[in-house]
Every structure is written in C-alpha cells, then in structure tokens.
Amino acid sequence: MNNGFFKIYRELWDKPIWKQSTPIQKTVLLTLLSMVNFASAEWEWQGQKFSVQPGQTITSLQHIAERCGKGVNAGNAVSYTHLTLPTKL
C-alpha cells in the first residue's frame with residue numbers, strides 16, 4: 001500500500017509523544033502512522049487467516065526500519081514501538 005495519503009493533525013506537535021521524542025523516534029512514529037490500514041483487510045498466509053482493522057498493521061521491526069530509511073535500525077524501531085504502542089494519539 002504505497003498510494004494515497006493520510007492526515008496528520010497539527011495537535012500532534014503539541015502532544016508529549018512529539019515534544020519529548022528524538023528525531024529518530026519522530027521518524028519511526030510518522031512511518032508507523034503511514035503504515036496502518038485505513039480499511040479492514042483479510043488474507044491467508046501459510047494456511048492461516050489474518051485480519052486487520054482500520055488503524056492496525058502487521059509488520060516486522062526490520063520492515064519498519066527499512067521504511068524509515070538511513071539512520072534507523074530494528075533496534076531503534078523496537079525501543080520506540082514499546083513506547084508508542086500503549087499510547088493513544
């Protein structure tokens with residue numbers, strides 16, 4: 001899913017998750033926001049059914065790091081996803 005757009009509300013800039021994050025953490029956050037699904041989806045992989053709802057995604061730390069680009073590795077991604085996953089933006 002590499003087409004379309006997603007909204008970033010300006011209020012994000014005033015939230016602690018943005019103000020207290022490093023540039024790498026902000027890159028991971030925006031990358032994660034760009035990766036979530038906007039609609040429900042279902043598929044089968046290796047004989048097992050999977051489904052996601054809007055706002056969810058299934059990915060790997062390596063894929064997050066690759067999408068972030070230079071300067072972000074799986075270690076950066078894992079440390080930041082632990083901080084952001086329980087947080088409601």
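Asn37 contributes no side-chain N or O that, together with a main-chain N or O of Ala39, makes up a donor-acceptor pair within less than 3.5 Å.
Residue Trp45 qualifies as open at atom CH2: its count of foreign heavy atoms under 6.0 Å is 12 or below. Counting heavy-atom neighbours within 6.0 Å of Tyr9 OH, excluding the residue itself, gives a total of 12 or less. Heavy-atom contacts from other residues, nucleotides or ligands closer than 6.0 Å to CD of Glu44 number more than 12.
In this structure, the side chains of Gln62 and Glu66 come closer than 4.5 Å at one or more pairs of heavy atoms. Two residues are said to be in side-chain contact when any heavy atoms from C-beta on lie closer than 4.5 Å; Gln25 and Thr22 meet this criterion. Two residues are said to be in side-chain contact when any heavy atoms from C-beta on lie closer than 4.5 Å; Val72 and Thr31 fail this criterion. Between Ile8 and Trp13 the shortest side-chain heavy-atom distance falls below 4.5 Å.
When all heavy atoms are compared, the tightest approach of Asn73 to Ala65 is C-CB, 3.5 Å. Closest non-hydrogen pair, Leu30 versus Trp18, comes out as CD1-CH2, 4.0 Å.
Other cluster members for Phe5: none, since no ILVMFWY side-chain heavy atom sits under 4.5 Å from it.
Atoms CG and NZ, on Leu12 and Lys26 in that order, are 9.0 Å from each other to the nearest 0.5 Å. Leu29 CG to Ser34 OG: the interatomic distance, rounded to the nearest 0.5 Å, is 10.0 Å.
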Tell me which donor-acceptor pairs under 3.5 Å the side chains of residues 49-61 have, and how far apart each pair is, sequence neighbours excluded?
from, atom 1, to, atom 2, distance (Å)
Gln53, OE1, Ser40, OG, 3.0
Gln56, OE1, Gln53, N, 2.7
Thr57, OG1, Met35, O, 3.4
Ser60, OG, His63, N, 3.0

